[in-house]
Amino acid sequence: MLLFFVLIACAVPLVIGAALTFAGMRLEGNPVPPLVLFGGLASAALIGLVLVVWQLFDNNVAQPIMRMSRDLQTLVHANPNHTVSTDCAKHLGPLGVTVDDVAKALSDARASSDTCVATATAKAAAEKRRLETVLNDLEDGVIVCNRVHEVLLYNRRALQIVRECGELGLARSLFDVMDKPPLVTTLERLTNRLTSGRYATHQNGLSSRFAFSSCDGRTILRGTMSLLTSQSEAIEGEIPTINGYVLTFDDQTEDLQRRVQVDGLLRSAIKDFRAPIAELNKACDALGDSTSSAGHEGMLAMVQQIKSEGAVLADRIHALSDRYDAVGGSHWPMSDVYSSNVLSIVASRYRENPVIQVDVTGQACWLHCDSHMVVEALSSIIMELVERVGATTFALEAKSCEGRPQLALIWKGDAPSSDFIPALSAKRVGAEATGFPLNDVFNHHRTELVHQPLDDGRQRLFVELLHPIEPHDKSISGAPPLRLEFYDFDLLDRPVSDGDLLDKSLRDMTFVVFDTETTGLEPSNGDEIISIAGVRVVNGRVLTGETFDKLVNPNRKIPGRSTAIHGITDEMVKHAPPISVMLRRFHEFVGPSVLVAHNAAFDLKFLELKKTISGVEFDGPILDTVLLSAIVHDHTDQHTLDAVCERFDVVIPPDKRHTALGDSLATAEVFARMLDLLEFNGIETLREAIDASNKLVQIRRQQAKY
């Protein structure tokens with residue numbers, strides 16, 4: 001539109017000049033000076049008039065049309081609840097009313113279609129919930145992969161089995177958690193069986209049982225691989241196309257180890273008992289023969305020999321019994337658990353109690369126990385202390401000692417009486433019908449309750465538990481959410497390509513949207529990260545079940561003005577790992593994904609300054625939702641996270657705002673809803689998104705101050 005007015009402005013002096021030139025050729029004398037003077041003034045006046053008209057046109061026509069156009073784009077492609085403002089269209093005649101009618105008609109049509117879709121999808125949702133329930137209730141782990149070993153689906157049992165081996169997530173490689181050779185070999189065998197046609201007559205069809213292990217070799221697994229093909233039955237003369245495979249498996253590590261140990265014990269029993277029993281038999285035979293021929297002294301010697309051999313046999317039986325109990329001859333259920341999981345469950349029982357306060361302190365450690373009975377025992381002890389000692393504030397502490405790991409209850413106040421522990425040992429814990437005396441629980445864990453007064457007037461009750469059976473090098477962050485988003489069959493149709501990452505479609509990529517909370521806003525002047533979180537976005541879907549959320553010890557005080565914003569205190573990060581450790585864990589979580597952040601320059605500066613001490617560098621491409629918002633909503637300069645969330649109808653719960661995970665989830669939702677608008681604006685690949693972002697030089701300059 002501007003070009004039309006520029007053309008008019010350029011035509012004014014040309015037209016006036018041509019007219020005056022034609023007039024001057026017909027006038028006598030020297031009319032040029034007055035003609036040039038008056039012609040120039042007329043041209044300037046007309047050009048000024050054109051500029052004034054353009055300004056009025058821009059303010060009352062062009063900008064209102066652009067604003068309504070952007071609002072309509074947002075309504076159509078991103079936020080169906082977005083309100084189209086037509087207040088600016090008062091000089092556009094019926095256009096504003098028409099746009100308003102169109103927006104309302106579209107909203108009504110969508111509401112009607114949403115009702116139909118909701119009815120249709122309710123049945124599908126019910127079927128999906130049944131599938132989720134079935135998968136999550138299965139005792140075996142289930143993982144579905146495409147033909148290039150990317151994870152498409154997993155159930156809770158699979159996550160429990162492999163969570164200590166690596167990162168299991170949608171669109172991640174199965175080889176991040178599983179040993180590659182056995183899986184590849186089995187897939188090749190099944191592929192050959194399919195292509196040769198032998199599967200039609202093979203007793204196992206397109207399935208095969210096999211043994212394999214986790215990628216670290218610590219977990220031995222046994223399961224079945226079954227191919228997923230494009231058709232349930234092969235058309236005559238055609239070979240079905242392999243889309244992927246289903247892997248069902250279970251952890252056989254403990255069972256196999258116990259079987260090996262039990263076999264060893266049985267062999268040892270046969271070997272060790274054979275000689276003593278043979279000697280006893282000889283002694284008995286000799287005793288019988290000597291009854292008539294030997295004297296009294298011979299009889300005593302043979303009796304002594306029998307007693308001696310019997311003692312040896314008894315000792316070996318006792319030793320064997322102890323070893324059998326250690327291997328697992330008892331049916332008492334024990335497993336390796338992380339102390340923070342056990343203690344957090346105990347503390348959560350008193351979270352709503354207005355009188356009793358229980359906090360978890362100390363450094364978490366691994367131990368071997370029956371976690372349920374330990375929780376019940378600690379809860380019972382707390383209630384007895386409240387009743388008999390009057391204590392109401394407790395600290396639950398885990399401690400990894402040189403001997404056995406300890407779980408302790410600490411309170412400030414009176415010590416328990418001398419009969420407290422004996423009386424407590426007889427108290428039953430657990431359900432009334434199936435509960436055990438506390439003393440039995442301690443005996444099965446081969447421990448006892450001990451009281452220890454501390455120097456500062458506090459009291460400590462502790463028990464020593466067993467060391468974990470397996471090595472545990474990685475920490476865990478607690479149980480998975482109640483409902484994981486573990487399904488995405490659309491990944492089956494993802495193109496298999498090794499092409500340039502930058503030329504991939506944004507919809508076919510995996511992103512990690514992240515955010516940090518810090519001690520302040522000046523990373524170059526000593527401010528540090530105190531919390532880092534991220535959430536994975538796959539196929540345009542925010543996977544709320546695949547998140548990273550960790551506190552970081554900044555090794556410095558957190559200013560009160562910062563705590564007032566994000567709520568993180570010095571006490572909360574006191575026992576958290578340092579940034580050098582946490583960035584390595586976050587780097588592992590990110591993997592090959594593309595990073596996304598809101599105002600990314602700020603967060604990246606913190607990561608850049610820590611690459612030396614952490615040993616990891618986030619050097620891949622990154623997208624900034626501030627810049628992307630400026631691309632799709634160039635009619636406004638409001639691109640804060642709150643403003644962008646409001647435009648895209650993304651609600652951040654007040655208690656989650658200014659938390660790393662809460663802001664990450666909100667940014668991820670915004671980014672997922674931006675994809676349609678980006679595509680509408682001709683931005684479909686990562687390269688196009690980065691190029692468009694780089695053109696916003698002014699915003700880049702604003703970010704450079706960080």
Side-chain angles (χ1 to χ4, degrees), residues 318 321-322 325-326 330 332-334 337 339-468:
H318 288 307
S321 177
D322 291 341
D325 287 341
S330 170
W332 190 270
M334 292 192 189
V337 296
S339 65
S340 62
N341 290 341
V342 175
L343 300 185
S344 296
I345 294 173
V346 177
S348 67
R349 294 189 172 188
Y350 302 96
R351 197 162 292 151
E352 304 299 329
N353 192 308
V355 178
I356 304 173
Q357 179 181 343
V358 180
D359 297 317
V360 179
T361 64
Q363 186 66 44
C365 60
W366 284 94
L367 41 87
H368 189 69
C369 68
D370 174 4
S371 57
H372 170 67
M373 295 309 297
V374 169
V375 168
E376 294 294 336
L378 291 175
S379 301
S380 179
I381 294 172
I382 288 174
M383 296 309 298
E384 286 295 315
L385 288 172
V386 171
E387 181 179 344
R388 301 186 60 172
V389 181
T392 57
T393 302
F394 301 91
L396 283 171
E397 178 188 69
K399 188 175 183 181
S400 182
C401 306
E402 294 182 359
R404 293 162 60 176
Q406 296 180 357
L407 294 184
L409 265 172
I410 302 174
W411 73 95
K412 191 168 186 178
D414 296 336
S417 60
S418 58
D419 65 340
F420 177 79
I421 293 178
L424 186 64
S425 298
K427 182 178 178 59
R428 300 182 72 87
V429 296
E432 293 184 4
T434 58
F436 294 91
L438 195 59
N439 191 53
D440 284 356
V441 176
F442 292 153
N443 288 337
H444 282 294
H445 287 81
R446 298 167 196 158
T447 188
E448 60 182 6
L449 189 63
V450 179
H451 170 244
Q452 177 187 20
L454 301 178
D455 295 337
D456 56 0
R458 296 184 300 164
Q459 310 295 328
R460 186 172 186 264
L461 280 176
F462 69 90
V463 291
E464 293 184 340
L465 297 177
L466 301 174
H467 288 289

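Predicted model, so just to flag it, every value in this text is computed and none were measured. Throughout, numbering of the chain's residues begins at 1 and tracks the sequence.
- Counting all heavy atoms, side chain and backbone alike, Lys412 lies closest to Gly457 at CG-O, 4.0 Å.
- With contacts defined as side-chain heavy-atom distances shorter than 4.5 Å, the pair Leu343/Leu378 qualifies.
- Atoms NZ and CE, on Lys427 and Met383 in that order, are 9.0 Å from each other to the nearest 0.5 Å.
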(message) Is there a side-chain contact (heavy atoms from CB on, under 4.5 Å) between Lys399 and Leu407? Walk through the geometry before answering.
(response) CA-CA 6 Å; Lys399 188 175 183 181; Leu407 294 184; over 6 Å; no
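- In terms of heavy atoms, Pro468 sits closest to Leu367 at CD-CA, 4.0 Å.
- Side chains of Pro405 and His467 form a contact here, defined as non-hydrogen atoms less than 4.5 Å apart.
- Within the structure, the salt bridge (Lys or Arg N to Asp or Glu O under 4.0 Å) test picks out the following pairs touching residues 413-425 (sequence neighbours left out): Arg388-Asp419.
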Worksheet entry | Pair Leu461-Phe420, side-chain contact (heavy atoms from CB on, under 4.5 Å): steps then yes or no | CA-CA 11 Å; Leu461 280 176; Phe420 177 79; 3.9 Å; yes
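- Minimum heavy-atom separation, Gln459 to Gly413: NE2-O, 3.3 Å.
- Closest non-hydrogen pair, Leu449 versus Phe442, comes out as CB-CE1, 3.7 Å.
- For Ser379, the side-chain hydrogen bond (donor to acceptor under 3.5 Å, both in side chains) partners two or more places apart in sequence, or in a different chain, are Arg349.
- Of all heavy-atom pairs between Glu397 and Ile410, the closest is OE1-CD1, 3.7 Å.
- Ile381 places a side-chain heavy atom less than 4.5 Å from the side chain of Leu438.
- The side-chain hydrogen bond (donor to acceptor under 3.5 Å, both in side chains) check on Glu448 picks up nothing, with sequence neighbours excluded.
- Applying the salt bridge (charged side-chain N to carboxylate O under 4.0 Å, His left out) criterion to Glu464, with sequence neighbours excluded, gives no partner residue.
- Judged purely by distance below 3.5 Å, without hydrogens or angles, the side chains of Arg458 and Gln452 never pair a donor atom with an acceptor atom.
- Nearest heavy-atom pair, Leu409 versus Leu385, reported as atom, atom and distance to 0.1 Å: CD1-CD1, 4.2 Å.
- Put simply, SG on Cys369 and CG on Leu466 are 8.5 Å apart, with the number rounded to the nearest 0.5 Å.
- Looking at Thr392, Ile382, Val389 one by one, the single match for side chain to side chain contact (heavy atoms under 4.5 Å, CB included) with Trp411 turns out to be Val389.
- Here Glu384 pairs with nothing under the side-chain hydrogen bond (donor to acceptor under 3.5 Å, both in side chains) rule; sequence neighbours left out.
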List, one per line, each side-chain donor-acceptor pair under 3.5 Å for residues 353-360, sequence neighbours excluded.
| unit_1 | atom_1 | unit_2 | atom_2 | d |
| --- | --- | --- | --- | --- |
| Asn353 | OD1 | Val355 | N | 2.8 |
| Asn353 | OD1 | Ile356 | N | 3.1 |
| Gln357 | NE2 | Asp359 | OD2 | 3.0 |

